[in-house]
Undergrad: 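This is the structure I want to talk about, given as structure tokens.
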Number of protein chains: 2
Amino acid sequence: MNYEKYSIGQLAKKTACKVETVHYYEKVGLMPEPPRTEGGHRIYSLPHVKRLNFIRRSRDLGFRIEQVKELLKFIDEPNHYCGEVKEMAMQQARVVQEKIDDLQRLKSALNEMVTHCTAGDKPVDDCPIVDALYTENSTNKAT
Amino acid sequence: MNYEKYSIGQLAKKTACKVETVHYYEKVGLMPEPPRTEGGHRIYSLPHVKRLNFIRRSRDLGFRIEQVKELLKFIDEPNHYCGEVKEMAMQQARVVQEKIDDLQRLKSALNEMVTHCTAGDKPVDDCPIVDALYTENSTNKAT
DNA sequence: ATAGAACCTATAGTTACTATAGGTTCAAGG
DNA sequence: CCTTGAACCTATAGTAACTATAGGTTCTAT
């Protein structure tokens with residue numbers, strides 16, 4: 001397979017990622033050390049593009065670097081024990097579901113505020129969003 | 001108005017916030033420099049509790065420190081309008097919805113993988129997780 | 001051949017805290 | 001009144017996950 005070759009700058013452009021971030025991902029072990037030119041410049045190809053895309057998207061979804069490493073194991077070790085792969089995928093799916101639930105609650109809270117705040121031209125004194133965030137929550141009576 | 005007085009520890013407890021975090025909020029200008037005792041200990045009262053509550057809740061909703069400062073300006077300076085607050089909340093809700101959508105896609109991919117694994121000894125080369133995250137946002141085919 | 005864009009490494013800065021060190025003050029018990 | 005120890009004080013360092021800078025080298029196109 002003679003893939004098209006990319007410089008780190010081209011890779012970065014293709015993945016909407018900064019060059020420094022690619023360096024960083026290499027340093028922390030998310031990206032492999034690629035081949036180099038005579039002069040020491042990194043040479044990338046399509047699999048690197050895909051991998052970096054995967055990393056970026058996973059990060060955007062709120063996965064931590066260490067979690068992304070876990071996810072990448074699915075790719076790096078395709079001959080994994082089937083049961084093990086299944087277990088990891090299921091565990092990850094549970095984590096994802098929890099995140100979805102959290103965000104859903106958050107969105108509801110925001111939306112509720114917005115719908116209560118009907119008028120745009122009221123002074124903030126009357127703004128229910130401000131009120132909602134400002135009011136002391138009832139569970140902190142204890143000394 | 002002789003409000004009840006609180007030490008920083010009591011304030012922290014009331015707002016489920018750490019003492020160090022209160023220090024930090026003071027340093028970055030979210031919390032005001034409160035009056036002190038002879039010996040230099042900070043003295044807080046109810047308005048501080050409310051303000052810190054507002055800050056914590058806003059942070060939990062995903063607003064950044066700078067955004068919280070914006071929101072607090074609405075409170076500190078009365079010449080603002082409800083519409084400005086509403087707009088920020090709506091923007092935040094849109095961001096959250098995008099995250100939810102992304103996570104939903106990832107969860108589907110993970111679940112799909114789990115069912116693949118259930119089938120038995122299928123290789124994971126054709127990984128649905130990679131596909132899910134390597135979406136067709138790749139408008140970057142051309143150089 | 002040479003200009004300058006892009007690359008290299010290493011280090012420091014960013015955000016939003018959290019933890020630590022080393023010292024001072026406060027409140028309670030003797 | 002004096003002591004003890006919890007809680008407070010300031011200042012600094014550490015964390016995650018980048019991002020930016022400095023100072024130097026290589027690649028590429030004229």
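Within every chain, numbering begins at 1; the chains are lettered A, B, ... in the order of the sequence lines, protein sequences first and strands thereafter.
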Undergrad: With rounding to the nearest 0.5 angstrom, report the CG to OG1 distance, B:L30 to B:T21.
TA: 11.5 Å
Undergrad: For B:L11 and D:dC8, what is the distance between atoms CG and C1' respectively, to the nearest whole Å?
TA: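 One finds 14 Å between C1' of D:dC8 and CG of B:L11, rounded.
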Undergrad: Do the charged groups of B:R51 and B:E26 touch, with an N to O distance under 4.0 Å?
TA: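 So B:R51 does not pair with B:E26 through a salt bridge.
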Undergrad: Can you check nucleotides 22-24 of chain C for protein contacts, nitrogen or oxygen pairs under 3.5 Å, and list what you find?
TA:
none

Undergrad: Is the shortest side-chain N/O distance from A:S7 to OP1 or OP2 of C:dC7 below 4.0 Å?
TA: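 Affirmative; the distance criterion is met.
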Undergrad: Taking B:K69 for the side chain and B:V28 for the main chain, is one N or O donor matched with an acceptor at less than 3.5 Å?
TA: yes
Undergrad: Regarding B:Q91 and B:R94, do their side chains bring together a donor and an acceptor under 3.5 Å, going by distance alone?
TA: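 Present: a donor and an acceptor within the cut-off.
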Undergrad: Rounded to whole Å, how long is the line connecting atom NZ of B:K5 with atom P of C:dA27?
TA: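 It is 15 Å, rounded to the nearest whole Å.
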Undergrad: At under 4.0 Å between heavy atoms, which parts of nucleotides 9-21 of chain C does protein reach? Answer with one letter per nucleotide, 5' to 3': B base, S sugar-phosphate only, - none.
TA: B-B----BBBB--
Undergrad: Under the 3.5 angstrom rule, does the side chain of B:R59 hit a backbone N or O of B:F63 as a donor-acceptor pair?
TA: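 Indeed, once roles are kept as given, a pair shorter than 3.5 Å links the two residues.
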Undergrad: What nitrogen or oxygen pairs link the protein and nucleotides 2-6 of chain D at under 3.5 Å?
TA:
none

Undergrad: Mind calculating the distance between CD1 (A:I8) and C1' (C:dC8) to the nearest angstrom?
TA: 9 Å
